[in-house]
Amino acid sequence: MKFTEEHEWLRIEDDLVVVGITEHAAEQLGDVVFVELPEEGTTVSKDDEVVVIESVKAASDILAPLDGEIVEVNEPLSEDPGKVNEDPLGDAWFFKMKIEDMSELDDFMTEAEYKDFIG
Amino acid sequence: MTDAAALRRTPLYDFHLAQGAKMVPFAGYGMPVHYPLGVMKEHLHTRAAAGLFDVSHMGQVMLTSSRGGEALALALEGLVPVDVLGLAEGRQRYGLFTDPSGGILDDLMIANTGEGLFLVVNAACKAADIAYLATHLPDHVRVEEIADRALLALQGPQAERALARLVPEVAGMRFMDSLRIAVDGAEWWISRSGYTGEDGFEISVPATIAEDVAARLVAMAEVAPVGLGARDSLRLEAGLCLYGHDIDRTTSPVEAALGWAIQKVRRAGGAREGGFPGAGRILAELETGAPRRRVGLLPQGRAPMREGTPLFATEEGTDRIGTITSGGFGPSVEGPVAMGYVPDAQASPGTGIFAELRGRRLPVTVAPMPFLTASYKR
């Protein structure tokens, strides 16, 4: 598992990258009440805003960590946004994307590096 | 401005830290936005049992007059479109400071204590309000900021049971009653009121005992400390205005759907008609209606719609008709709720309009407020 400075986690599953947010991010957001997912098949560029998450208090965006194509979204999450707080590292993944070159993941933080990053 | 060192602290600052609050700057104070329970659970706990809020940042002001209560009431009536003279001793009433163009300078609570009028005003407005009162009230009125008292709000269906353990007399109070009572040698000023749509109390106590009072209340099974986050979602579900958002100098009381706060005696044909700033416009709007009105809005779908979201009459048209002034997720409604201003023609409950969210027009239905039935002890 890799981590971004935007508090996303990235996990390789077959030839796809699964993206979610970290426990730290979920805790900071507070109770999540709404998740807007992208359309499957969307081509995205790194740092595009692809997911909108709203907590009771505020809205935040999740950015595409890399260039690629969104091939699957976690549809049940739109019906049960509270999952983001309950299981951010498991059931509450947001989307799976196909990227050109898996080695691009090497640039991201390891879990230990991320833990240092959030202090 | 958000320099933590420059922020003022309420007498409950250390209490908040001890309770594990996340503190944020608010109206110049370091205030708890939520505690470990989180906004959602704090909100639901308040509706189910009782929540304790620190509202000490709000302004407490005492007005007294060398000429007695009647002269004092009439003097304040020069600034608010409220029947102050008819406010009985031990009773409280919601009021508004209006400006000469009929806009709202602030909203406030007015209690008749017998010795004077006790006002509670918004934190962000209090310095301006106090200066305004001092300037505009006649010389026989003394305006005194009560800076040595904390203000707590205990809200929810079990608030009476909890508070009655400390002050049994509160069980006999009705909604908007105001009571002054000595408890263990300290003077408590209690009103049966609040800003959540729930039964409950606002409790002014000397700053020196505030922490002890708060600790005794949260030690009770019914009571959880609740922060500003849930206070906002509770008042939104209750359809109550937040000054600086839903009401301000650009909104008249009639536009804001606060005409109910203007009693008959101050309206056209009443015994003390007008005589407050902006009376010309406000009395005319009470008679013939205002061109726009604050309404409740129920977004269809799950997406919360926040302050500033533009409103449109149709899905395609470029005719922007209004703006959401408060909005978010209502934990008790279990969906998004909002309020905002729309033209009179679109103000009837059931009217379908659209809000533009992230470039898309989403349907919104004009709805009666409050979004939940209030449970005040009348």
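We name chains A, B, ... by the order of the sequence lines, and we start the count at 1 in each one.
Salt bridge status for Glu36(A) with Arg360(B): present, with a side-chain N to carboxylate O gap under 4.0 Å. Ion pairing of Arg302(B) with Glu54(A) is absent here, as no side-chain N (NZ or NE/NH1/NH2) approaches a carboxylate O to less than 4.0 Å. Salt bridge Glu49(A)/Arg358(B): absent, no basic N to carboxylate O contact under 4.0 Å.
Proximity to chain B (any heavy atom under 4.5 Å) is restricted, for Val52(A), to the side chain, taken from C-beta onward.
Among residues 97-119 of chain A, no residue has any heavy atom closer than 4.5 Å to a heavy atom of chain B. Along residues 59-85 of chain A, the residues that come nearer than 4.5 angstrom to chain B, judged on non-hydrogen atoms, are Ala59(A), Ser78(A), Glu79(A), Pro81(A) in order of number.
Enclosure of atom CD in Glu6(A) by more than 12 non-hydrogen atoms of other residues, nucleotides or ligands within 6.0 angstrom is indicated.
Asp31(A) and Gly38(B) make their closest contact through OD2-C, 4.0 Å (heavy atoms, listed as atom of the first residue, atom of the second, distance).
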